[in-house]
Engineer: 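Got a structure for you, questions after.
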There are 2 protein chains.
Amino acid sequence: MVSDSSAVGEQGREIPDATVARLPLYHRALISLHRSGASTVSSEELATAAGVNAAKVRKDLSYFGSYGTRGVGYDVGQLLEEIRNDLGLQHPRNCIVVGTGNLGAALLSFGGFKDRGFAVVAAVDVDPARVGTTIGGIRVGHQDDLAGLVEANDVAIGLLTTPPVAAQQVADELVAAGVRSILNFAPTVVEAPEDVVVRHVDLASELEILAFHEGRREPIAPAS
Amino acid sequence: MVSDSSAVGEQGREIPDATVARLPLYHRALISLHRSGASTVSSEELATAAGVNAAKVRKDLSYFGSYGTRGVGYDVGQLLEEIRNDLGLQHPRNCIVVGTGNLGAALLSFGGFKDRGFAVVAAVDVDPARVGTTIGGIRVGHQDDLAGLVEANDVAIGLLTTPPVAAQQVADELVAAGVRSILNFAPTVVEAPEDVVVRHVDLASELEILAFHEGRREPIAPAS
DNA sequence: TGTTGTGAAATTGTTCACAGCC
DNA sequence: GGCTGTGAACAATTTCACAACA
């Protein structure tokens, strides 16, 4: 679902995609444990806090090195720091929102990214009625200023929240402006060069997966 | 990431989770093809439209039966109907939004669910300032009315957009009210009984996965 | 003693490649 | 001739289970 990765760990091993997808869960759990004052945590406890199992936690962490102490567990502060580094969050990453409809506006107003290491620093739209307005403290620029805003704000990640018909063109513009990470909320496939990572969030797809399981539970409607 | 499934296809075979996760992509692609007037589609074309490969398309569809014609491809209308049924979307599913902050409000105003077979029909919040207001045509009820609204509106799916601290309690209330499918946007683990399916959307996690790949591309900052 | 780190086994998912059919 | 449907080969991921060790 994500483009091919050939990520390599400290020890020169490849990091499996499945492991990368779980790092944020550990990150989140560790932030919470750190706040609550815990100093050490076992793989079992971390697993519970992250919603996975202990074997996965140990195997996943082992790709990055040995940070635990046998018989004791992991140092919360040290492991949090280590995972932050593994995730490339030594410094905050700047994001731009393209498209300021319902979802785009919500992303601009949403404060939950900051403590995870991200800042939404710019936004653009094609609608003249929206250009110049301020949402969540960010002034909405014109679509044509995209490249300039990316450059001026050192933007690393594009959040694509336009209607589906515009998505591919916006993605092309983001890539041309130097953005190499795109989170696409538009319900359509978006193509990009190999070195650009495009991830996809489709809320309707999530609902459909739930509906699938709903459908399996219901008795078949009586025939005749 | 999703609770254990033991879904069984028409032929009595189990449907792999990976296949279920791709059905929405085929659904989306087929809706688009159907609109554009295509009458048949090959596995290769459908694969391109859905962003996967042709072998996956054929294998996935084969779990539900043989709906293609060798040498020709699949009938777009018939396959669309079949997938809609496989997904349990013979009738629309009703959803309730719990928590009407930035994201909750966006979900209430978002129109993109309707053509995928879902309707947001109710919303609740704990904040008295929000209760009684109307967002996206839906009147916001009080949290205490959750069970009543679920019952009155035949709600099948709960969209959980509260702050993390409230998420588990809200999930418990949804389950008590009879909801067995939950889409959790709060960045925390939510527990539920085995027969309840909880899926998770964490936007910050998606950004972190992008950051991981960003970090791998950058040269290590020069030491000294 | 308690918990990590990790090979090996088991499971799940993907791709190949081709027989079967239109 | 072209495309589906599917067993069989292959690859990725998860889980087991236990040696290593603070």
Side-chain angles (χ1 to χ4, degrees), chain A residues 1-23 25-26 30 38-76 78-79 82-83 209, chain B residues 1-23 25-26 30 38-76 78-79 82-83 86:
Chain A
M1 199 135 290
V2 166
S3 64
D4 294 359
S5 71
S6 51
V8 170
E10 303 291 355
Q11 273 63 40
R13 287 167 294 189
E14 300 272 331
I15 310 292
D17 282 349
T19 293
V20 173
R22 281 189 295 266
L23 291 181
L25 304 182
Y26 305 145
L30 285 165
S39 64
T40 64
V41 65
S42 68
S43 61
E44 193 67 48
E45 292 164 334
L46 181 51
T48 300
V52 302
N53 67 46
K56 264 182 205 153
V57 169
R58 294 201 299 275
K59 189 66 74 212
D60 286 343
L61 296 182
S62 77
Y63 289 112
F64 298 96
S66 301
Y67 297 98
T69 306
R70 289 165 205 241
V72 178
Y74 302 88
D75 180 276
V76 171
Q78 185 193 331
L79 188 57
E82 171 60 27
I83 285 192
I209 295 168
Chain B
M1 201 137 289
V2 167
S3 64
D4 295 0
S5 69
S6 51
V8 169
E10 303 290 357
Q11 274 62 40
R13 286 167 293 189
E14 301 271 332
I15 311 293
D17 282 349
T19 292
V20 174
R22 281 189 294 266
L23 291 181
L25 304 181
Y26 306 145
L30 285 166
S39 64
T40 63
V41 65
S42 68
S43 60
E44 193 67 47
E45 292 164 334
L46 181 52
T48 301
V52 303
N53 67 47
K56 264 182 205 154
V57 168
R58 293 201 300 275
K59 179 74 87 184
D60 286 342
L61 296 182
S62 77
Y63 289 113
F64 298 95
S66 302
Y67 296 99
T69 306
R70 290 164 204 242
V72 178
Y74 303 88
D75 180 276
V76 171
Q78 185 192 331
L79 188 56
E82 171 60 27
I83 286 194
D86 296 336

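Sequence lines set the chain letters: A, B, ... in the order given, protein chains first and strands last, and positions in each chain run from 1. Predicted, not measured: the structure shown is a model, and the values here were computed from it.
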Engineer: Let's go through A:I83 and A:F64 carefully: what are the C-alpha distance in whole Å and the side-chain angles of both, what is the deciding distance for side chain to side chain contact (heavy atoms under 4.5 Å, CB included) to 0.1 Å, and is it a yes or a no?
Structural biologist: CA-CA 9 Å; A:I83 285 192; A:F64 298 96; over 6 Å; no
Engineer: State, yes or no, whether a side-chain contact exists between B:L61 and B:Y67 at a heavy-atom distance under 4.5 Å.
Structural biologist: no
Engineer: Which heavy-atom pair separates A:V41 from A:L46 by the least distance, and what is that distance?
Structural biologist: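 The pair with the smallest heavy-atom distance is CG2-N, 3.6 Å.
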Engineer: Please write out each protein N/O paired with an N/O of nucleotides 8-10 of chain C under 3.5 Å, distance rounded to 0.1 Å.
Structural biologist:
none

Engineer: Grab the CG-C1' distance between A:D17 and C:dG13 for me, whole Å please.
Structural biologist: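 The distance from CG of A:D17 to C1' of C:dG13 comes to 13 Å, rounded to the nearest Å.
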Engineer: Which of these nucleotides, D:dT4, C:dC16, C:dT14, is closest to any side-chain atom of B:A55?
Structural biologist: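 The nucleotide sitting nearest to the side chain is C:dC16.
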Engineer: In whole angstrom, give the distance that lies between atom CG of A:L46 and atom P of C:dG5.
Structural biologist: 12 Å
Engineer: How about CD on A:E45, more than 12 heavy atoms from neighbouring residues, nucleotides or ligands closer than 6.0 Å, or not?
Structural biologist: yes
Engineer: Write down the protein N/O and nucleotide N/O pairs, taken from nucleotides 18-21 of chain D, whose separation is under 3.5 Å; answer none if there are no such pairs.
Structural biologist:
unit_1 : atom_1 : unit_2 : atom_2 : d
D:dA20 : N3     : A:R70  : NH1    : 2.9

Engineer: Which nucleotide wins on minimum distance to the side chain of A:S66, given the candidates D:dC3, C:dT4, C:dG5?
Structural biologist: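 Closest nucleotide to the A:S66 side chain: C:dG5.
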Engineer: Send over the distance from A:D75 CG to C:dT3 P, rounded to a whole Å.
Structural biologist: 16 Å
Engineer: Rounded to whole angstrom units, what separation is found between the CG atom of B:D60 and the C1' atom of C:dT12?
Structural biologist: 13 Å
Engineer: Sorted by first residue and then second, give each salt bridge (Lys or Arg N to Asp or Glu O under 4.0 Å) pair with at least one member in residues 60-71 of chain B; sequence neighbours left out.
Structural biologist: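 Residue pairs passing salt bridge (Lys or Arg N to Asp or Glu O under 4.0 Å), neighbours aside: B:R22-B:D60.
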Engineer: Using whole Å, what does the distance between atom P of nucleotide C:dC21 and atom OH of B:Y67 come to?
Structural biologist: 19 Å
Engineer: Specify the separation, in whole Å, of atom CD1 of A:I15 and atom P of D:dT13.
Structural biologist: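 So the CD1-P distance, A:I15 to D:dT13, works out to 12 Å.
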Engineer: Pick the nucleotide of DNA chain D nearest each of A:A18 and B:V72; which residue has the one closer to the 5' end?
Structural biologist: B:V72
Engineer: Taking only the side-chain nitrogens and oxygens of A:Y74, find out if one of them lies under 4.0 Å from OP1 or OP2 of C:dG2.
Structural biologist: no
Engineer: What distance separates A:K56 NZ from A:L25 CG, expressed to the nearest 0.5 Å?
Structural biologist: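 Interatomic distance, A:K56 NZ to A:L25 CG, rounded to 0.5 Å: 10.0 Å.
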Engineer: In whole angstroms, how far is the C1' atom of D:dG1 from the CD atom of B:E44?
Structural biologist: 16 Å
Engineer: To the nearest Å, give me how far apart NZ (A:K56) and P (C:dT4) are.
Structural biologist: 17 Å
Engineer: Measure the spacing between OH of A:Y63 and OG1 of A:T19 and express it to the nearest 0.5 Å.
Structural biologist: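 One finds 5.0 Å between OH of A:Y63 and OG1 of A:T19.
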Engineer: Grab the two heavy atoms, one from A:A47 and one from A:N53, that are nearest each other, plus how far apart they are.
Structural biologist: CB-C, 3.5 Å
Engineer: Here's a test of your reading of the structure: between A:T69 and B:G68, which maps to the more 5' nucleotide of DNA chain D?
Structural biologist: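 Of the two residues, B:G68 wins.
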Engineer: Which of the following nucleotides, C:dG13, D:dT15, C:dT3, is nearest to the side chain of A:S42?
Structural biologist: C:dT3
Engineer: Supply the atom-to-atom distance A:Y74 OH to A:S39 OG, rounded to the nearest 0.5 angstrom.
Structural biologist: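 OG of A:S39 is found 15.5 Å from OH of A:Y74.
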Engineer: Work out which heavy atom in B:A50 is nearest to a heavy atom in B:Y26; give both atom names and the distance.
Structural biologist: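 Closest approach of B:A50 to B:Y26: CB-CD2, 3.8 Å.
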Engineer: Would you say D:dT15 has OP1 or OP2 under 4.0 Å from some side-chain N or O of A:N53?
Structural biologist: yes
